[in-house]
Structures are given as C-alpha cells and as structure tokens.
Amino acid sequence: MREIITLQVGKCGNEIGCTFWETIAQEHQIDPHNGANIADDTTRKQCGNARVYYNETVRGQFQPRVLLVDTSPLDSIRARPIGNSFQPDCMISGRCSTGNNWAVGYHQSALIDEAFEG
C-alpha cells in the first residue's frame, strides 16, 4: 500500500495544505474535529483507502500524515476545525512572526534543523 507524507512550509503552504486536508476529510467522510470515520461500510469502500493519507490510531481515529513548518506561530492553523486532527509534535513553528523580514527569518534557521532531526 502507498503512503503519502505531506510537507507544508510557510504561511501559504500551511493554508493551502489545510484546505487540502479539509477536502480529503470530506471525501473520505472523516470528521475534521476528532478524526473519526463517519462513513458507513458501503461509502468506505467507494471512497477508497484513507490510510494512504492518514495514520489510523488504535481507537480508530485518523490523523493526517503531515509535517507543518513555519517561522510564525501556527495558531491560525490550530484554530481551524481541521487543526485538532494534526499531531502536535508534527507542528514545528517559531515563537514570533518574521514580519516579512528576510533577515529575521534567516536567523530562525534552527527551525529547519529541528524539522529534519525528528
């Protein structure tokens, strides 16, 4: 079976990525608030295998297989309904915004090391 890992980087990448996950959750009938599969057996077979995009927990919940990286805090992502389904240890962010200042972002490059270490 194939498995897809999604990497979302920056404000734009994270916004587009969240829209992608909302669409995938709707297509596979997965509740974005808690990751529960709300489809009946027939619909599950028609929708295909959600495990290509999601990790399934022992409680039967689906968590997106994704890594979110941004120099700014990911509060706007956490506030969205789909934000609850992301694993907290897969959300790597800085403490403050760079304010579109390249030099500030450059000096926060430790985030890149953190993203690829774990």
Side-chain angles (χ1 to χ4, degrees):
M1 173 176 41
R2 296 180 305 174
E3 293 182 350
I4 296 173
I5 300 172
T6 306
L7 177 63
Q8 299 173 195
V9 180
K11 176 74 172 168
C12 183
N14 284 313
E15 291 295 327
I16 291 171
C18 284
T19 304
F20 166 78
W21 285 109
E22 289 167 353
T23 303
I24 294 295
Q26 183 180 14
E27 287 178 358
H28 290 279
Q29 295 188 358
I30 294 173
D31 185 1
H33 297 285
N34 61 13
N37 193 329
I38 54 176
D40 58 10
D41 290 336
T42 307
T43 308
R44 272 188 212 146
K45 291 177 186 175
Q46 291 174 348
C47 289
N49 196 347
R51 289 177 191 88
V52 171
Y53 298 103
Y54 292 92
N55 289 326
E56 188 173 9
T57 65
V58 289
R59 293 182 286 162
Q61 295 176 322
F62 288 89
Q63 293 179 327
R65 197 176 299 115
V66 61
L67 180 63
L68 297 92
V69 182
D70 198 352
T71 56
S72 302
L74 294 169
D75 297 333
S76 64
I77 303 299
R78 288 184 182 100
R80 294 173 79 156
I82 196 76
N84 294 329
S85 64
F86 296 130
Q87 295 174 338
D89 58 340
C90 292
M91 299 177 81
I92 300 170
S93 65
R95 291 186 184 90
C96 61
S97 175
T98 60
N100 291 328
N101 185 333
W102 182 87
V104 174
Y106 179 79
H107 291 291
Q108 288 187 6
S109 63
L111 284 175
I112 296 171
D113 296 335
E114 183 181 343
F116 291 108
E117 282 178 8

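Everything quoted here is computed from the prediction, not taken from an experiment.
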Step-by-step side chain to side chain contact (heavy atoms under 4.5 Å, CB included) determination, Val69 to Leu67
CA-CA 7 Å; Val69 182; Leu67 180 63; 4.0 Å; yes
Checking [X] now: which residues fulfil side chain to side chain contact (heavy atoms under 4.5 Å, CB included) with it, not counting sequence neighbours?
X: Gln63; value: Thr57, Gln87
X: Asp75; value: Pro73, Arg78
X: Asn55; value: Arg65
X: Ile4; value: Thr6, Val52, Tyr53

Atom pair [atom1] ([X]) and [atom2] ([Y]), whose distance is rounded to the nearest 0.5 Å:
X: Cys18; Y: Ile77; atom1: SG; atom2: CD1; result: 3.5 Å
X: Ile92; Y: Gln8; atom1: CD1; atom2: CD; result: 12.0 Å
X: Leu68; Y: Leu74; atom1: CG; atom2: CG; result: 6.0 Å

I need the minimum non-hydrogen distance between Ser72 and Ser93, along with the two atoms involved.
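Scanning both residues, the minimum pair turns out to be O-CB, 3.3 Å.
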Could you walk me through whether Asp31 and Gln61 pass side chain to side chain contact (heavy atoms under 4.5 Å, CB included), step by step?
CA-CA 9 Å; Asp31 185 1; Gln61 295 176 322; over 6 Å; no
Is there a side-chain contact between Pro32 and Ser85 (heavy atoms, below 4.5 Å)?
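Counting from C-beta outward, Pro32 and Ser85 never come under 4.5 Å.
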Less than 4.5 Å apart, any side-chain heavy atom of Arg51 and any of Phe62?
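Sidechains of Phe62 and Arg51: in contact.
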I'd like to check the salt bridge (charged side-chain N to carboxylate O under 4.0 Å, His left out) partners of Glu22; sequence neighbours left out, ordered by chain and number.
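With sequence neighbours excluded, Glu22 shows a salt bridge (charged side-chain N to carboxylate O under 4.0 Å, His left out) to Arg80, given in chain and number order.
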Could you please spell out the steps behind the side chain to side chain contact (heavy atoms under 4.5 Å, CB included) verdict for Ile5 and Val66?
CA-CA 6 Å; Ile5 300 172; Val66 61; over 6 Å; no
If we ignore angles and hydrogens, is there a donor and acceptor under 3.5 Å between the side chains of Trp21 and Gln26?
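No pair is found: no donor N or O on one side chain lies under 3.5 Å from an acceptor on the other.
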Test: salt bridge (charged side-chain N to carboxylate O under 4.0 Å, His left out). Region: residues 85-94. Which pairs qualify, not counting sequence neighbours?
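For residues 85-94, and leaving out neighbouring residues, there are no salt bridge (charged side-chain N to carboxylate O under 4.0 Å, His left out) pairs at all.
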